[in-house]
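Structure first, commentary second.
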There are 2 protein chains.
Amino acid sequence: MLKEERHIAILNEVALHNRVLLLDLAEKLDVSIDTVRRDVKELDADNKLKKVHGGAISLGFTNKSLPNKNIYSLSEKIIIAQKAISLLKDGAVIFIDGGTTCMELARLIPEHLKLTCFTLSLTVAMELLDKENVIVIFVGGQISKEAQLAIGANAIHNLSEIKVDYGFIGTGYVDALHGLTEFDWDIVQMKKAVIKASKKTVLLSISEKLNSQHRYKSCDVNAINTMITELHPENNLLNLFRNNDIRLL
Amino acid sequence: MLKEERHIAILNEVALHNRVLLLDLAEKLDVSIDTVRRDVKELDADNKLKKVHGGAISLGFTNKSLPNKNIYSLSEKIIIAQKAISLLKDGAVIFIDGGTTCMELARLIPEHLKLTCFTLSLTVAMELLDKENVIVIFVGGQISKEAQLAIGANAIHNLSEIKVDYGFIGTGYVDALHGLTEFDWDIVQMKKAVIKASKKTVLLSISEKLNSQHRYKSCDVNAINTMITELHPENNLLNLFRNNDIRLL
DNA sequence: AAAAGTACCGCAAATTATTGCAACATTAAC
DNA sequence: GTTAATGTTGCAATAATTTGCGGTACTTTT
């Protein structure tokens, strides 16, 4: 077998599976592992793939995670944010949660829209400062370093004194049976307070989070009035959520 | 499973749920927890995520990396901030105002110093998040778009319920005769509330602001306990302030 | 203060890489 | 056609990396 043939075959495998073990390649191509190793080394030098310990990985696969600046699943989140914005009319009083999806919501609020926005999130508040027609109210309290948002008794108390038209929240995990769950106890307390402070609660979640759960529960799914994913409302993945009186968007 | 594969999988999980336990990762990836720990350590070193006790959290849009704007008279402000920091001891409870000088103070707080910091400023709060030993409490309220800090009745009321050891404030204008003055009525109200909430008030001001005034008055100069400029305390420019019982630094 | 959970260190085993070398094939030159 | 030069391949010895485990130190929680 010619070297060129092998190179093409190797690139094929990598393109197909995103990753390949040298041992598998050696077996498949029926050459020694040393040869495969040398081949992969060359291909790596030519930037055709990335050689790693024990195998090779497709460039596309690795590059995707390199630009860390980019928000994970940004395009899906933009779809979600736009659906959420379609709910809003001038004069609405809303709450915007933290998290990247809610951040997109904040970012995509149109300039002309007149809103009053409550938030617990420093970054969301910063983002909203650019919106000429948005009144921003930060619900004070101790700031969680990890989540970059206000938590604690004071924040909860402050929330207890308001009632917004829409509360847009994210969640760490969501499951039709187990409801909205989180990793952090503190965060759960905040979600509960937000839900209580909202006439209508709108959940923003990318579909990848569906059917996952963690230790602490924020609420049941039917505590949510509207659920927005990047999927079409009729999508089969949402079937489990169709039973409850949830509006799917 | 290749190491790179795991790295990508870990970043996915972190991006998806913001936070994950090492134990969960170990189970999901079917490797020992030591391996996951080492992986997370590497990813942390590469600034792909943040490793925390027991798990990892997403950098997300945490990566503030705000372009260090050209701050006017930065070197003077650094001198002032360092003098201010010399007042602080472990366990102190302080308030930090908005403005670029106070921002420098926040930025230059040493890592080891254990503080509880109240603030009205979004940017100061963001800056303080990086300080491991600083508890950050944001005094909530409506956010002024220009000043990027909380103003209004709610914020003032919140301030009325606290008493900090040191209140570090800036001012728009300062004059020995006319005291501290501002351009904005709203801001003056906040300064007053901060002074009331501080056992000792420390004014941070570059010398360029000395002997200037504007329309609304926050307080008289002798309402200030300590005044810090970039000048040596014996400098003649400070003569007018030496009369009052102000400590010059 | 005690207990549980977590992190760090060093070690040994397993896996993978590298290197030098010999065998073989291919190419080029005479 | 023969020879020398070059390139390729497989092998073996050695080096490096990776991984899980045990012990210990450190954190957090109770």
Side-chain angles (χ1 to χ4, degrees), chain A residues 1-11 13-14 17-58 62 142 144-147 151-153 182-189 214-216, chain B residues 1-11 13-14 17-46 48-58 90-91 111-112 114 116 131-135:
Chain A
M1 193 173 208
L2 292 174
K3 192 161 73 157
E4 277 305 312
E5 278 181 83
R6 286 200 314 272
H7 282 196
I8 291 168
I10 289 171
L11 288 175
E13 281 298 301
V14 169
H17 297 114
N18 284 328
R19 59 127 226 187
V20 172
L21 299 182
L22 296 188
L23 217 58
D24 291 347
L25 283 176
E27 192 178 338
K28 186 145 195 156
L29 303 177
D30 196 30
V31 291
S32 80
I33 190 156
D34 300 71
T35 302
V36 171
R37 211 190 304 282
R38 276 183 278 238
D39 286 341
V40 168
K41 209 167 171 181
E42 284 182 44
L43 290 168
D44 182 43
D46 288 351
N47 269 313
K48 300 283 182 57
L49 48 70
K50 186 178 178 196
K51 182 183 185 313
V52 298
H53 195 93
I57 287 191
S58 147
T62 56
Q142 183 171 342
S144 155
K145 291 201 162 51
E146 289 155 10
I151 58 172
E182 294 287 341
F183 181 93
D184 285 301
W185 177 251
D186 288 334
I187 301 298
V188 164
Q189 305 315 310
H214 219 278
R215 40 161 92 125
Y216 303 124
Chain B
M1 191 173 208
L2 295 171
K3 192 167 71 159
E4 305 293 324
E5 246 183 311
R6 286 198 314 271
H7 283 195
I8 291 166
I10 290 171
L11 288 175
E13 280 298 301
V14 169
H17 293 125
N18 293 326
R19 180 170 185 173
V20 287
L21 290 179
L22 298 188
L23 216 58
D24 288 349
L25 286 174
E27 193 179 339
K28 185 145 193 156
L29 303 176
D30 196 30
V31 290
S32 80
I33 190 161
D34 298 74
T35 302
V36 170
R37 186 172 288 119
R38 276 183 277 235
D39 284 340
V40 168
K41 210 167 167 182
E42 281 182 46
L43 290 168
D44 183 38
D46 289 351
K48 301 281 183 60
L49 49 71
K50 186 176 176 201
K51 184 180 183 314
V52 296
H53 196 87
I57 61 176
S58 157
D90 272 352
E111 283 300 323
H112 61 82
K114 295 187 192 358
T116 300
K131 311 291 178 182
E132 206 58 44
N133 293 306
V134 174
I135 296 167

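Chain letters run A, B, ... following the sequence lines, proteins first and then strands; every chain starts at 1.
- Using a 4.0 Å cut-off, no side-chain N or O of B:Arg37 falls inside it from OP1 or OP2 of C:dG5.
- In this structure the side chain of A:Ile151 never reaches within 4.5 angstrom of the side chain of A:Gln189, judged on heavy atoms.
- Rounded to an integer number of Å, the gap from CD of B:Glu5 to P of D:dT19 is 11 Å.
- Between the CE atom of B:Met1 and the C1' atom of D:dT17 there is a distance of 18 Å, given to the nearest Å.
- Within 4.0 Å (heavy atoms only), A:Val52 reaches sugar-phosphate atoms of the nucleic acid but no base atom.
- One finds no salt bridge joining A:Arg19 and B:Glu4 here, because no Lys/Arg side-chain nitrogen approaches an Asp/Glu carboxylate oxygen to under 4.0 Å.
- Between B:Lys51 and C:dA7 there is a side-chain N or O to OP1 or OP2 distance below 4.0 Å.
- The residue B:Val36 sits apart from the nucleic acid: no heavy atom pair falls under 4.0 Å.
- Side-chain polar atoms of B:Asp24 and A:His214 form a donor-acceptor pair below 3.5 angstrom.
- Taking 4.5 Å as the limit, some side-chain heavy atom of A:Thr35 sits within range of a side-chain heavy atom of A:Arg6.
- In this structure, CG of B:Asp30 is placed 13 Å from P of D:dT19, rounded to the nearest angstrom.
- Following rounding to the nearest Å, B:Ile33 (CD1) and C:dA4 (C1') show an atom-to-atom distance of 13 Å.
- Whole-Å rounding puts the A:Glu42 CD to C:dT18 P distance at 13 Å.
- Distance B:Leu2 CG to C:dT16 P: 9 Å, rounded to the nearest Å.
- Following rounding to the nearest Å, A:Arg38 (CZ) and D:dG7 (C1') show an atom-to-atom distance of 11 Å.
- Regarding B:Asp39, its CG atom lies at a distance of 14 Å from the P atom of C:dC8, rounded to whole Å.
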Distances for protein N/O vs nucleotides 25-30 of chain D N/O pairs under 3.5 angstrom?
none

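- Contacts of B:Leu22 with the nucleic acid, taken as non-hydrogen atoms under 4.0 Å apart, involve only primed sugar atoms and P, OP1 or OP2.
- Legend: residues meeting side-chain hydrogen bond (donor to acceptor under 3.5 Å, both in side chains) with B:Lys3, ordered by chain and number and at least two apart, are B:Glu42.
- Of the candidates D:dT9, C:dT18, D:dT19, the closest approach to any side-chain atom of A:Thr35 belongs to D:dT9.
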| message | What verdict does the side chain to side chain contact (heavy atoms under 4.5 Å, CB included) test give for A:Asp186 and A:Glu146, after you've listed the backbone C-alpha separation in whole Å, the side-chain angles of each residue and the deciding distance to 0.1 Å? | response | CA-CA 11 Å; A:Asp186 288 334; A:Glu146 289 155 10; over 6 Å; no

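- Atom-to-atom distance recorded for A:Glu13:CD and A:Leu49:CG is 12.0 Å, nearest 0.5 angstrom.
- Along DNA chain C, the nucleotide nearest A:Asp34 and the nucleotide nearest A:Leu23 are compared for position; the residue whose nucleotide lies closer to the 5' end is A:Leu23.
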